[in-house]
Amino acid sequence: MKIVEISSVLLQPMPWVLVKVKTDDGIVGIGEAYHGAGVHQIAVDERLTKTLIGKNPLDVDRCFRDMMKGMSASGYYQGAVMSAISGIEMALWDIAGQAVGVPIWQLLGGRFRDKVRVYNDCHAGKDETPAAYAAKAKEVEARGFTAIKFDIDPLPSRRDAYNRCISNDDIAHYVAVVTAVREALDSNTDLAIDAHWAYAPVDILKVAHAFEDLGLLWLEDPIPAENVEAMAMVKNSTKTPICTGENFYTRFGFRELIQSQAADIVSPDMAKAGGLLEGRRIADFADMYYMPLAPHNICGPIGTFAMTHVCAAVPNFLALEFHHLDNALWSDLVKEGPLIVDGHIATGEKPGLGVTLDEGVAKAAAKEDLGFFS
Ligand code: MG
């Protein structure tokens, strides 16, 4: 079998990037790349596709390495290029699974679980009161999720965004909001909080210390992610579990974070960190330090379902992110459904990816088609 064509499409209003890989024997693979400027164009750039055309798509890891070599003399890349590579890698696994008649999770080593727990990233709306957050939390919990997440982004009243510092009043507000949410939820429903890299260690530690008796699942990205030493200091200074990783690429990007145990939980985004096998490698690396895996995810249903194969196949999986609870396009893009039932996605037994893109729905949502529907 040989790869004969790679194409992509950028959707709207969510800028989801889908890639399609065609083979000479008729098997077609679908993947999704983390969205970002130009990612759909990089996926079909000749410097990338020329490394794949004519190759055997079943040699997934070799194709992955060839793509990196094609885009960089060093064979190592990050950013939008790695996002495009990740989407193509997912499509190759879809082809491989279909070719041998088994689901991707089987090719990744088999399953630890039939259903993958999904956590809903809640958006509280314009009302910033603790009561509004608590009401939203109860509403999402009632829809079957056993884990949810809220953001504690800087308030408009913040004095100065550049020094990353926050006032005592703002700290008190975050503590009131998170306490109200925690108290509203069933004790068995997990609550995670995302700080989006916005704060100085000295200030977010005041917040993390105040959260310590709330039993949070984690506090995510408390400080900017690029300084692993500073992240380790924060992690080692609080009993509130720290989660990070959505901005790191490939296992090499996770090496220092995991080896220095600078987080309690790691959150790679497989649609940009290198795809499914690289996700499995990062998970296994984290498992050597007994660290759970909670993948970051803002993909549509194709990328989300692709990630469930890794989540099923690694022992240390904790929960997979989900952002699109009432987004009809998320549900309509695949013919199967609903995919999420009682806060879980069943991985199923179908060969390859296991869900079918509704190309009519995708075509109607297409913003720029680079050969995808031809
Ligand atoms: Mg996050």
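Atoms within each ligand, like the ligands themselves, are counted from 1 in listed order.
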Pairs under 3.5 angstrom only: tabulate donor-acceptor contacts from the side chains of residues 210-219 to other protein residues two or more places apart or in another chain.
residue, atom, partner, partner atom, Å
E212, OE2, T238, OG1, 2.8
E212, OE2, K239, N, 2.8
W218, NE1, E220, OE1, 2.9

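By the side chain to side chain contact (heavy atoms under 4.5 Å, CB included) test, D160 pairs with Y162, N163, sequence neighbours left out.
Note on D194 versus K149: salt bridge recorded, some NZ/NE/NH1/NH2 to OD/OE distance being below 4.0 Å. Between D203 and K206 a salt bridge is recorded (basic side-chain N to carboxylate O distance below 4.0 Å).
Counting only protein N, O or S atoms, the number found under 2.8 Å from the Mg ion (ligand 1) is 3.
Sorted by first then second residue, the ring-ring contact (aromatic ring centres under 6.0 Å, His included) pairs that include residues 25-48, not counting sequence neighbours, number zero.
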task = Any chance you could lay out the side chain to side chain donor-acceptor pair (under 3.5 Å) test for D169 and S167, step after step, and finish with the verdict?
result = CA-CA 5 Å; D169 281 356; S167 67; 5.5 Å; no
